[in-house]
Protein chains: 2
Amino acid sequence: MTPPTPLHLSLAGQAVDVLREQVLTGEIPPGSRVNEVEVAQKLGISRGPLREAIRHLASEGLLTLVPHRGAFVPDADAEDVKALFELRTALECAAAELAASRRTDVDLVRLHEVCAESRSNYKAGQPFPYRLDLAFHQTLLDAARSPHIAEQVRLVQQRVVLLRSALEDDPPHQHASMDDHDELVKAVADGDAARASTVMRRHLSRVCAQMMASLNH
Amino acid sequence: MTPPTPLHLSLAGQAVDVLREQVLTGEIPPGSRVNEVEVAQKLGISRGPLREAIRHLASEGLLTLVPHRGAFVPDADAEDVKALFELRTALECAAAELAASRRTDVDLVRLHEVCAESRSNYKAGQPFPYRLDLAFHQTLLDAARSPHIAEQVRLVQQRVVLLRSALEDDPPHQHASMDDHDELVKAVADGDAARASTVMRRHLSRVCAQMMASLNH
DNA sequence: AAACTGCCAACTGTCGACAGTTGACACGTT
DNA sequence: AACGTGTCAACTGTCGACAGTTGGCAGTTT
């Protein structure tokens, strides 16, 4: 059934994927500890690969390691969110600038598609799904064509998702976000790097404030 | 002599430090492979902790993992340098902006000290040591008071150091760098975030060009 | 002689077991 | 009753050994 390394992914790699999923979905709730023997048995693997998986997720910021105590799912306060968004702003503003100067027509089509889908969903009474927000930022990132920045944004995004569990999206915020996205696309289409950066900064500032507000009850 | 976890650092943690040193100093040259059993014996530890150390360094970008082949010290070409500096520019420009708005008088004193030491060394006929360049950027980073950005810059800096082995510092470049540093300090002292960002971008652009030139023989 | 095939050593991926540390509970003391 | 102490179970850190895969080499074929 499970030969050591059949063809594609090592046990450690599979464990990384499974654990990441469980942490991001909250199946393993923030603040809880990850028991090595217990999880290893549940995944049907040994402690060795699982340990590697845990360390990997810790390097991504999805787990925090305490010597001789184990790995914990971090639960953040408003202060952490603010600090994290400083990094995200630095990365995504730079990405927005690069996208404005490097985007192709295909990139613009994709960006318009995502924005249009968000609008239609919203007008149909559906809430603006976080999935589409992620898709927009990912598409913009692809247009920037900077693999290292993209990789770092991916890691930060993950951590934001981890903290997003308690976030109740309210309609005003959703509307403002979609407006920001549209404005970003316009700036990128015009090749206006400075404006793209400015709009992105304002957008992320808004999102950050929203998250901090919902974290403070 | 070596109980499992004597008091402070795990064997894996120690191995990380030793290996990082060996990789950054070029003791383990770029392109070479890291043999697990060999290095483990040389460090007097088992393969388990060493594997964790290897994975950790890989997550920092100091090693690249190839399934079933092992870990290699990456040797980069000009294209990689350019891509890496896009990330570094995004991070350090943001840090420069934050430093301009958050710096205290103590930060300014420290920045002036580093610049002064660089100048005096240079005028004494000594080459501008890379150590002082790192110190300057680190001091500026401290003034920005953004731990996440600082951590990411540290990782990128490491990778730059890894590629720096073949870099011959020529006096014109050193002089220009010191001028950039002085100009940065002025902007930070004035609290001029926009100017700090601009100067930092120009500075890193110069350093990047210098590195790419020396990589192309 | 060049290309293909089968074998082999070296190394990574994985596992189970042992040793040391940590936090907690129970007990005794002040 | 509150505090300090000793003991203990649970867990992490570490180790040595086995299984599977990879790349290279020798031998054979065309």
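Every chain is numbered from 1 and lettered A, B, ... according to where its sequence line falls, protein lines coming before strand lines. Side chains are part of it too, since the values below use all heavy atoms of this structure and drop only hydrogens, waters and symmetry mates.
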Comparing Glu38(B) with Glu52(A), nearest DNA chain C nucleotide closer to 5' gives the residue Glu38(B)
Stems with DNA chain C, 3 or more Watson-Crick or G-U pairs in a row (under 3.5 Å), are C:1-30 with D:1-30
For Thr104(A), the side chain to side chain donor-acceptor pair (under 3.5 Å) test, sequence neighbours excluded, returns Asp107(A)
Rounding to a whole Å, what distance do you find between [X]:[atom1] and [N]:[atom2]?
X: Asn35(A); N: dT22(C); atom1: CG; atom2: P; result: 18 Å
X: Gln41(A); N: dC11(D); atom1: CD; atom2: P; result: 10 Å
X: Leu11(B); N: dC18(C); atom1: CG; atom2: C1'; result: 15 Å
X: Ile45(B); N: dG13(D); atom1: CD1; atom2: C1'; result: 12 Å
X: His68(A); N: dA19(C); atom1: NE2; atom2: P; result: 17 Å
X: Leu50(B); N: dG13(D); atom1: CG; atom2: P; result: 16 Å
X: Glu36(A); N: dC15(C); atom1: CD; atom2: C1'; result: 14 Å
X: Leu9(B); N: dT14(D); atom1: CG; atom2: C1'; result: 14 Å

Less than 4.0 angstrom between a side-chain N/O of [X] and OP1 or OP2 of [N], yes or no?
X: Arg33(A); N: dG23(C); answer: no
X: Arg47(A); N: dC15(C); answer: no
X: Arg51(A); N: dC11(D); answer: no

Take His56(B) and Glu60(B) through the test side-chain hydrogen bond (donor to acceptor under 3.5 Å, both in side chains) and record every step on the way to the result. CA-CA 7 Å; His56(B) 187 91; Glu60(B) 291 189 358; 3.2 Å; yes
Any Lys/Arg nitrogen of [X] or [Y] sitting under 4.0 Å from an Asp/Glu carboxylate oxygen of the other?
X: Arg110(A); Y: Glu113(A); result: no
X: Glu38(B); Y: Arg33(B); result: no
X: Glu86(B); Y: Arg145(A); result: no

*For the pair His112(A) (side chain) and Leu108(A) (backbone), establish whether a donor and an acceptor sit closer than 3.5 Å, ignoring hydrogens and angles.*
yes
### Task
Report the C-alpha distance between Glu151(A) and Arg154(A) in whole Å, list the side-chain angles of each, state the deciding distance to 0.1 Å, and finish with yes or no for salt bridge (Lys or Arg N to Asp or Glu O under 4.0 Å).
CA-CA 5 Å; Glu151(A) 171 65 8; Arg154(A) 188 186 68 81; 3.1 Å; yes
* Report which part of the nucleic acid Gly48(B) touches: base, sugar-phosphate, or nothing (heavy-atom distance under 4.0 Å, all strands). => nothing
Students often get this wrong, so: under 4.0 angstrom with heavy atoms, is Val34(B) touching a base, only sugar-phosphate, or nothing? sugar-phosphate
Point to revise | Pair Gln157(A)-His137(A), side-chain donor/acceptor within less than 3.5 Å | key: no
Which nucleotide in the set [options] lies at the smallest distance from any side-chain heavy atom of [X]?
X: Ala12(A); options: dT14(C), dT12(D), dC15(C); result: dT14(C)
X: Arg55(B); options: dG13(C), dC11(D), dT14(C); result: dG13(C)
X: Arg69(B); options: dG13(C), dG23(D), dT12(D); result: dG23(D)
X: Ser10(B); options: dT12(D), dG16(C), dT14(D); result: dT14(D)

